[in-house]
Number of protein chains: 2
Amino acid sequence: MAQSDTVDRILDAAEELFADRGFAETSLRMITSRAKVNLAAVNYHFGSKKSLIQAVFARFLTPFSATAEAAFDDLEKSCNGKAPTLNQTLRALTESAVRMHQRSERGIAIFMRLLGLAYTQSQGHLRKFLEQEYSEPFSRFMGLLKEATPELSTVDRYWRIQFMLGATAFTMSSNEALRDILVNKMGVETSVQEIAARLVPFLAAGMQAKDPMLAPMPCDHESLAVL
Amino acid sequence: MAQSDTVDRILDAAEELFADRGFAETSLRMITSRAKVNLAAVNYHFGSKKSLIQAVFARFLTPFSATAEAAFDDLEKSCNGKAPTLNQTLRALTESAVRMHQRSERGIAIFMRLLGLAYTQSQGHLRKFLEQEYSEPFSRFMGLLKEATPELSTVDRYWRIQFMLGATAFTMSSNEALRDILVNKMGVETSVQEIAARLVPFLAAGMQAKDPMLAPMPCDHESLAVL
DNA sequence: ATACGTTTTAAACATACGTTTGAAAAATCA
DNA sequence: TGATTTTTCAAACGTATGTTTAAAACGTAT
């Protein structure tokens with residue numbers, strides 16, 4: 001083997017196992033045995049399990065945030081002066097994610113799953129790491145969302161962004177669990193690109209829903225939500 | 001003390017700790033020390049940690065599913081013959097959840113957080129347990145959703161339900177992580193009821209979004225999403 | 001009071017974890 | 001080549017986990 005691909009093999013194995021089972025449920029012995037490297041290799045190359053987790057994120061998050069920022073640049077340039085649409089902003093982000101992992105279909109799924117785990121599992125160190133390492137592209141995305149939804153109050157927008165992130169991360173992070181309980185054999189296999197294509201309109205519509213707190217709920221009134 | 005409140009004390013402590021830290025990250029020693037009972041009490045009363053996890057879910061899921069089914073009965077009765085609206089169905093569910101835990105504000109938050117963890121954390125036994133124990137009210141809810149969105153194809157509805165569950169579970173299951181990274185001090189404290197009130201219109205609008213796969217994306221076209 | 005089933009307790013169990021060690025092996029460079 | 005650094009390896013370390021044990025304490029009915 002060329003030089004030391006041990007590091008990459010560890011990252012590959014850790015990435016898949018973390019995505020499948022979570023951080024605490026994945027032991028270093030699982031990782032090293034799947035990667036076919038010695039147990040001590042993790043601590044030698046990464047220092048600790050925590051650092052390995054951060055390295056797994058850094059490996060795909062750094063190029064992704066670069067790609068996303070470039071996509072944001074293009075978007076702002078193409079809509080000269082005017083603020084990009086909500087749909088455009090969302091598409092720019094999802095297409096950046098898809099473009100990143102054009103090689104493997106599984107890559108983008110793992111990508112989303114890990115992002116979901118990052119928030120769900122209580123790994124304080126990971127949160128701090130992501131916060132101080134990728135706060136800039138994140139803030140940029142938030143700014144675009146703000147310009148695309150000027151009609152929303154700050155609080156409404158805050159919560160709806162939470163909802164968007166939730167729908168996205170959770171959908172991608174759900175292993176076969178939901179699939180099984182939802183339908184026993186529906187027989188339809190969907191690619192991640194298709195899921196993204198279905199997700200974006202859902203998110204955009206939810207983001208632009210009429211203000212809450214307005215409609216009372218007498219029976220057989222159709223909801224006030226548009227259409 | 002009356003009889004043996006040891007069981008309840010264990011359940012209380014486990015519920016909170018699981019909600020705060022997840023299943024794998026919560027040890028029996030944490031639970032028993034918070035509950036102020038002996039370590040062996042868990043295995044004596046529940047048999048194993050897995051059974052304890054299931055018992056925590058059963059304690060709130062059993063009465064909740066009964067309440068929800070009653071709410072569905074009322075809803076179908078009040079809209080005589082006609083299928084309940086999507087908004088009505090969602091409200092019936094969320095209000096059942098809120099009504100369950102009217103005593104403590106924290107109760108409903110823990111409730112949602114645990115549900116989120118149930119899907120997020122890969123506890124195979126939990127999935128099987130929930131599946132075979134609460135499949136009936138779940139299927140009933142699915143049927144109502146189907147009647148409320150007849151315009152959707154089965155596949156579209158399937159994915160949009162995933163999105164809804166995702167937004168809900170993820171929002172409720174996110175500890176302070178998202179809160180912190182999203183806004184550094186926004187100063188607004190929101191109750192779970194308010195979150196639910198904001199969430200329902202978002203979900204309903206997303207669920208009823210115009211069909212995807214229609215709009216191409218040339219620049220400065222406004223999205224085809226309604227409004 | 002005594003006997004009996006239930007519950008609690010302290011201690012130990014076996015196992016798995018992340019991490020460290022020190023020597024062997026490989027790679028790098030003089 | 002020989003010297004030196006980097007990487008691998010098997011083994012062990014200390015700690016924490018879930019679980020089990022056997023005796024003690026308790027409650028209750030005879």
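Chain identifiers are assigned alphabetically (A, B, ...) following the order of the sequence lines, protein sequences preceding nucleic acid strands; residue numbering begins at 1 within each chain. Values below: all heavy atoms of this structure, side chains included; hydrogens, waters and symmetry mates excluded.
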Report task. Quickly, which of A/R59, A/R34, A/K36 forms a salt bridge (charged side-chain N to carboxylate O under 4.0 Å, His left out) with A/D12? Name it, please. Result -> A/R59

Report task. Flag the pair B/V42 / B/K49 as yes when at least one side-chain heavy-atom distance between them is below 4.5 Å, and no otherwise. Result -> no

Report summary line: side-chain hydrogen bond (donor to acceptor under 3.5 Å, both in side chains) filter on A/T32, not counting sequence neighbours, yields none

Report task. Specify the separation, in whole Å, of atom NZ of B/K36 and atom P of C/dT9. Result -> 13 Å

Query raised in the report: Can you check the A/D5 CG to D/dT8 C1' distance for me, whole Å?
Result: 13 Å

Query raised in the report: Pairs counted as Watson-Crick or G-U wobble with both distances under 3.5 Å: what dot-bracket string results for DNA chain D, using | for bases tied to another strand?
Result: .|.|||||||||||||||||||||||||||

Query - Set of side-chain hydrogen bond (donor to acceptor under 3.5 Å, both in side chains) partners for A/R140, sequence neighbours left out - result: A/E69, A/D73, A/E76

Requested in this report: Using a 4.5 Å cut-off on heavy atoms from C-beta on, say whether the side chain of B/V7 contacts that of B/F46.
Outcome: yes

Query raised in the report: Are OP1 or OP2 of C/dT8 and a side-chain N or O of B/T6 less than 4.0 angstrom apart?
Result: yes

Requested in this report: Please tell me if the side chains of A/I161 and A/M207 come closer than 4.5 Å, counting only heavy atoms from C-beta onward.
Outcome: yes

**Report entry** Heavy-atom check, side chain of A/E133 versus side chain of A/L61, under 4.5 Å
**Finding:** no

Report task. Report the distance from atom CG of A/L17 to atom P of C/dC17, rounded to the nearest whole Å. Result -> 12 Å

Query raised in the report: Does the side chain of B/H45 get closer than 4.0 angstrom to OP1 or OP2 of C/dT6 through an N or O atom?
Result: no

Query raised in the report: Any side-chain heavy atom of A/V155 within less than 4.5 Å of one from B/R198?
Result: yes

**Report entry** Aromatic ring proximity B/F129/B/F57, centre distance under 6.0 Å
**Finding:** no

Report task. Report, as a single string ordered 5' to 3', how protein heavy atoms within less than 4.0 Å touch nucleotides 15-22 of chain D: B base, S sugar-phosphate only, - not at all. Result -> --BBBBB-

Which pairs, protein N/O on one side and nucleotides 23-26 of chain D N/O on the other, fall under 3.5 Å?
none

Query raised in the report: Considering only heavy atoms from C-beta outward, does the side chain of A/L126 approach that of A/F23 to under 4.5 Å?
Result: yes

Query raised in the report: Partners of B/T62 by side-chain hydrogen bond (donor to acceptor under 3.5 Å, both in side chains), sequence neighbours excluded?
Result: B/Y134

